[in-house]
Every structure is written in C-alpha cells, then in structure tokens.
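Read through the structure below, which is laid out as structure tokens, and then see the notes.
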Amino acid sequence: MLTALGIKYTVVGHSERRSIQGESDSLIASKCKYAQEQGLTVIGCIGELLEERQAEKTMEVCQRQLSAYAKEMKSWDQFVLAYEPVWAIGTVSNFLFF
C-alpha cells in the first residue's frame, strides 16, 4: 500500500517505539522483514540508553539489536542502519561525552 503511494522508506526500531510501545528486538526485526517483503527500504534504528553507555555496554546492545535485524532481514540492499544513541536525543548529555 505505501509503495503504491510512492513511499520507498520506512523507519523501524526507533527509540520511542522501543521504550513507549515496548517493542522488542524480535518484533522490530519482524517488522523489518515485512516491510522489505512489501518493497520498502528499511531505516533500522539501533542505539543504547545512557545507563547502558555508562556501563560500557554500547557495543553489546548495538550488536544484539543489529543481530535481530540480520536474522529476519530479506536483503541488506533494502536496509539503512541508523545509529541513534538514546542518551544523545534532546539532552545536554551529548556534550558530556565528546
């Protein structure tokens, strides 16, 4: 339906969907697979919370999230990875780590 309207991309795994809607890595990966099957290119978000960054778990969290996508994904040609560190969104914290 979206492709019939000329839409080529969709975002999945956004931090608000993960936190507010409680979407799991596996649900997000399933959405990715479905979107690709419908002909869409997926913009897949990954990223850690501030607590995870402070605990030095950034790579672990991002690898877990990316692995979930990889298990379900139809094609890497229809995938754009967006690293979205949750701690840096709309906060002053991004100035404290660079």
Side-chain angles (χ1 to χ4, degrees):
M1 179 176 165
L2 295 176
T3 53
L5 298 171
I7 296 171
K8 298 178 182 179
Y9 297 88
T10 188
V11 175
V12 298
H14 196 271
S15 62
E16 277 110 7
R17 298 291 302 189
R18 290 178 186 271
S19 63
I20 296 170
Q21 299 295 323
E23 292 186 356
S24 66
D25 293 338
S26 62
L27 175 62
I28 291 165
S30 295
K31 286 182 167 191
C32 175
K33 179 181 178 183
Y34 179 77
Q36 287 184 333
E37 288 171 347
Q38 303 309 305
L40 294 167
T41 295
V42 171
I43 301 169
C45 301
I46 64 169
E48 78 283 7
L49 302 170
L50 179 59
E51 299 80 27
E52 294 165 330
R53 181 178 178 86
Q54 291 172 334
E56 299 182 3
K57 295 186 182 250
T58 297
M59 294 303 291
E60 178 184 328
V61 170
C62 291
Q63 182 178 17
R64 184 195 76 231
Q65 293 170 347
L66 188 55
S67 292
Y69 283 117
K71 288 178 188 174
E72 295 289 330
M73 187 178 322
K74 178 183 168 197
S75 168
W76 287 102
D77 293 334
Q78 289 177 270
F79 187 80
V80 177
L81 181 63
Y83 173 58
E84 174 196 32
V86 181
W87 56 267
I89 300 171
T91 69
V92 74
S93 295
N94 54 344
F95 296 110
L96 302 177
F97 292 98
F98 294 106

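Just so you know, residue 1 is the first one in the sequence shown, and it goes up from there. Not measured: the values here are computed from a predicted model.
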At what distance, to the nearest 0.5 angstrom, does CZ of Arg64 lie from CD1 of Ile46?
->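 If I round to the nearest 0.5 Å, the distance is 10.5 Å.
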
Atom OG of Ser75 and atom CD of Glu37: how far apart are they, to the nearest 0.5 Å?
-> 12.0 Å

Which atom of [X] lies closest to which atom of [Y], heavy atoms considered:
{"X": "Leu49", "Y": "Val86", "answer": "CD2-CG1, 3.8 Å"}
{"X": "Val12", "Y": "Tyr69", "answer": "O-OH, 3.2 Å"}
{"X": "Ala35", "Y": "Val42", "answer": "CB-CG2, 3.7 Å"}
{"X": "Glu48", "Y": "Glu52", "answer": "CA-OE1, 3.3 Å"}
{"X": "Glu84", "Y": "Gly13", "answer": "OE1-O, 4.3 Å"}

Thr58 vs Tyr83, side chain to side chain contact (heavy atoms under 4.5 Å, CB included): CA-CA, chis, key distance, verdict = CA-CA 11 Å; Thr58 297; Tyr83 173 58; 3.9 Å; yes

Joining Ile, Leu, Val, Met, Phe, Trp and Tyr whenever any side-chain heavy atoms lie under 4.5 Å apart, the cluster holding Val11 also takes in Tyr9, Ile43, Val80

Does the Gln65 side chain pair with the main chain of Gly47, one donor and one acceptor, at a distance under 3.5 Å?
->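 It does hold such a pair.
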
Report yes or no: does Gln78 contribute a side-chain atom to a donor-acceptor pair with the main-chain N or O of Leu40 at less than 3.5 Å?
->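 Yes: the side chain of Gln78 pairs with the backbone of Leu40.
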
Taking side chain as C-beta onward, heavy atoms only, is [X] less than 4.5 Å from [Y]?
{"X": "Gln36", "Y": "Met73", "answer": "yes"}
{"X": "Arg18", "Y": "Asp25", "answer": "yes"}
{"X": "Tyr34", "Y": "Thr10", "answer": "no"}

Gln38 atom CD, neighbour heavy-atom count above 12 within 6.0 Å =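 Check passes, neighbour count above 12.
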
